[in-house]
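Read the numbers this way: they start at 1 and go in the same order the structure lists the ligands and their atoms.
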Amino acid sequence: MAEAFDVVVIGAGPGGYTAAIRAAQLGFKTACVDDWKTGDGKPAPGGTCTNVGCIPSKALLQSSEHYEHAGHAFADHGIEIKGLGLDLKQMQARKAKVVRQNNEGILYLFKKNKIAFYSGPARFAGGSSVGSSGESTRGADGWTIEVSGSGNPTLTAKHVIVATGSSPRALPGVAFDNRLILDNDGALALAEVPQSLGVIGAGVVGLEMGSVWRRLGAKVTVLEALPAFLGAADEQVAREAWKLFAKQGLSIELGVKIGAVSVKKNVTVEYTDAEGKAKSAAFDKLIVSIGRLPHTAGLNGEAVGLAQDERGFIAVDEECRTNLANVWAIGDVVRGPMLAHKAEEEGVAVAERIAGQHGHVDFNTVPWVIYTSPEIAWVGQTEKQLKDAGTPYRAGTFPFMANGRARALGDTSGFVKILADAKTDRVLGMHAIGPLVSELIAEGVVAMEFGASSEDIARICHAHPSLSEATKEAALAVDKRSLNY
Ligand code: FAD
Ligand code: NAI
């Protein structure tokens with residue numbers, strides 16, 4: 001006998017588990033199926049984000065930043081440290097504990113919300129004889145979902161939400177072995193600090209993981225195909241980041257073309273540089289972080305006629321509807337930024353749409369954060385995007401070196417920039433590089449969501465001394481009336 005549900009969510013990453021919680025809150029009988037397990041076979045819900053992404057990377061970024069501060073910044077505060085040492089085993093154990101706390105937290109939330117959780121791979125029932133519409137596998141109880149693993153029942157679902165996430169993209173012909181050629185999982189799990197670390201791709205993973213291992217003592221070289229650094233960020237922010245990363249000793253080469261990668265005791269990468277000159281570099285380890293691919297393997301989507309776009313993402317409309325009736329898809333497995341909070345918002349919106357409500361995700365106000373030091377964060381449009389679109393705008397910038405709290409922290413690098421419409425003063429973007437801008441960016445998101453003007457931000461009373469005063473001052477600077485600069 002199959003277990004009947006209103007909603008079955010496949011995947012318990014940030015998209016899937018959040019969708020399941022919202023569906024259960026709305027009164028639907030809900031199940032969530034996820035196949036991630038710990039090394040010793042325990043269910044580990046949370047997906048890439050919790051297990052090998054957002055959470056463990058931020059744990060290691062924090063630990064490695066403490067280590068760097070202890071070695072280089074504490075003396076300035078009058079704190080002497082003698083015999084500073086690195087216990088990487090303990091650092092990794094702490095990271096594992098943080099991850100486990102998050103897995104357990106999600107299992108607790110499933111229980112609290114009366115969501116049936118099944119651990120194992122799920123697939124749409126149906127074979128090659130099923131028609132392209134998939135209707136033949138949809139009976140009176142809805143879709144049939146099979147879950148492998150002993151004791152798991154077959155499920156039926158009136159609605160299915162596919163949230164199966166993404167997998168790291170390998171260089172053509174260079175498979176990950178997580179011994180010398182590392183994906184994000186391997187990059188987070190090193191048991192020793194490599195003397196030399198190569199990173200292919202100066203994107204978010206490359207910069208964050210490159211920062212972790214550089215702080216812990218590796219000589220890091222990042223090889224990036226594009227001629228421009230951090231192309232998605234505001235150009236002024238990207239220029240500042242380039243300058244600061246170079247000062248920290250992170251070596252980044254732009255405009256390279258990767259050739260042969262050979263593995264012996266170490267890894268040798270042949271490439272041509274931006275001038276077309278042939279080069280070769282040998283590394284103890286190589287992280288390949290050149291983007292991610294949608295993960296649909298094992299779903300049996302083809303058999304039921306689930307449509308994918310030309311890049312392999314599950315094809316969805318603006319509201320995350322697939323081509324199949326009552327089958328929805330969210331998060332990394334569909335178009336749009338591969339971010340945990342984007343996946344979560346889509347999960348909530350889909351559960352609300354199933355309930356006949358008007359769930360909505362505004363892609364213009366999805367914030368981006370890169371957790372390097374200094375941190376980089378932005379929301380909305382860049383100056384280049386505004387110029388290209390012919391939108392008249394005014395920009396206001398405020399440097400952290402003029403902010404009292406930043407001086408007290410001993411971290412005065414970077415700035416906050418607000419971009420506002422020249423006619424209406426409506427905030428069109430906020431771009432920041434500096435201490436804790438991952439937190440400051442929320443003010444820009446709120447301002448944009450509420451259609452605020454830069455004048456609105458400028459007139460809000462911000463606590464003193466706080467880093468958030470840099471946002472207020474940047475808003476004042478839009479009208480050329482900064483008070484402290
Ligand atoms: P996932 O988190 O990938 O979850 C999908 C789940 O579905 C997985 O558990 C998978 O095993 C399971 N699954 C797949 N197929 C099946 C099946 N057939 N049956 C059952 N289960 C299945 N984003 C941020 O916003 N902030 C960050 O700081 C951040 N840091 C990151 C750091 C790294 C190193 C990486 C790699 C990514 C980071 N991301 C970050 C991106 C973020 O992890 C993803 O955007 C997010 O996890 C996507 O969520 P999701 O729910 O779509 O998929
Ligand atoms: P990415 O898309 O951020 O960066 C990949 C980089 O590799 C790009 O700069 C690209 O030009 C470069 N590249 C591609 N092919 C190349 C090649 N053959 N040779 C050299 N360079 C090449 O992808 P990344 O860093 O792998 O991250 C994957 C996803 O995970 C991102 O989409 C990001 O959204 C998410 N993520 C988010 C984080 C955050 O929010 N803080 C942290 C880490 C990851």
Side-chain angles (χ1 to χ4, degrees), residues 9-19 32-37 43-58 60-61 118-124 145-149 162-172 174 183-185 187-188 199-210 212 222-232 253-259 269 271 287-301 329-334 336-344 346-347 366-372 375-377 438:
V9 184
I10 305 179
Y17 90 77
T18 309
C32 187
V33 191
D34 188 89
D35 60 0
W36 208 297
K37 291 196 200 310
T48 297
C49 173
T50 299
N51 293 295
V52 292
C54 325
I55 300 299
S57 62
K58 268 78 254 181
L60 287 187
L61 278 156
Y118 300 103
S119 177
R123 69 201 286 278
F124 284 94
I145 303 294
E146 295 164 349
V147 188
S148 308
V162 180
T164 48
S166 61
S167 321
R169 186 158 81 88
L171 279 167
V174 187
D183 61 14
N184 52 298
D185 193 357
L188 287 158
V199 179
I200 313 269
V204 203
V205 172
L207 292 175
E208 290 188 355
M209 295 319 301
V212 165
V222 186
L223 301 173
E224 164 62 44
L226 292 178
F229 180 56
L230 274 182
E253 276 198 60
L254 301 175
V256 308
K257 195 163 183 304
I258 304 294
V269 179
Y271 64 99
I287 297 174
V288 177
S289 47
I290 56 169
R292 298 179 65 84
L293 300 171
H295 180 87
T296 51
L299 258 185
N300 203 26
I330 60 170
D332 279 14
V333 79
V334 304
M338 286 185 166
L339 295 173
H341 41 283
K342 174 263 192 184
E344 290 169 16
E346 286 183 335
V366 173
W368 282 84
V369 177
I370 307 178
Y371 295 81
T372 44
E375 293 182 344
I376 296 166
S438 56

For Phe229, give me all partners under ring pair (Phe, Tyr, Trp, His ring centres under 6.0 Å), at least two apart in sequence or on another chain. Trp242
Honestly, for Val256 the part within reach of ligand 2 (heavy atoms, under 4.0 Å) is neither
Heavy atoms only: which of Val269, Val222, Val204, Leu207 lies closest to atom 42 (C) of ligand 2? Val204
What is the nearest protein non-hydrogen atom to atom 5 (C) of ligand 2, stated with its residue, atom name and distance? Ser289 O, 3.5 Å
Is the closest heavy atom of Tyr17 to ligand 1 under 4.0 Å? no
Is Ile330 close to ligand 1, meaning an N/O of one under 3.5 Å from an N/O of the other? no
May I ask whether Lys58 places a heavy atom under 4.0 Å from ligand 1? yes
Answer with side chain, backbone, both or neither: which part of Ile258 has a heavy atom less than 4.0 angstrom from an atom of ligand 2? side chain
Which atoms of ligand 1 are found less than 4.0 Å from any heavy atom of Gly47? 2 (O), 4 (O), 8 (C), 9 (O)
Atom indices of ligand 1 within 4.0 angstrom of Gly13 heavy atoms, with elements: 2 (O), 4 (O), 6 (C), 51 (O)
Regarding atom 4 (O) of ligand 2: of the candidates Ala228, Gly203, Pro367, Ala340, which has the closest heavy atom? Gly203
Per-atom contacts of ligand 1 with Trp36, taking only distances under 4.0 Å to non-hydrogen atoms: 8 (C), 9 (O), 11 (O)
Who passes ring pair (Phe, Tyr, Trp, His ring centres under 6.0 Å) against Trp36, sequence neighbours left out? none
Sub-4.0 Å heavy-atom contact, Pro337 with ligand 2: no
Closest candidate by heavy atom, reference atom 34 (O) of ligand 2, pool Glu253, Glu375, Met338, His341: Met338
Answer with side chain, backbone, both or neither: which part of Arg169 has a heavy atom less than 4.0 angstrom from an atom of ligand 2? side chain
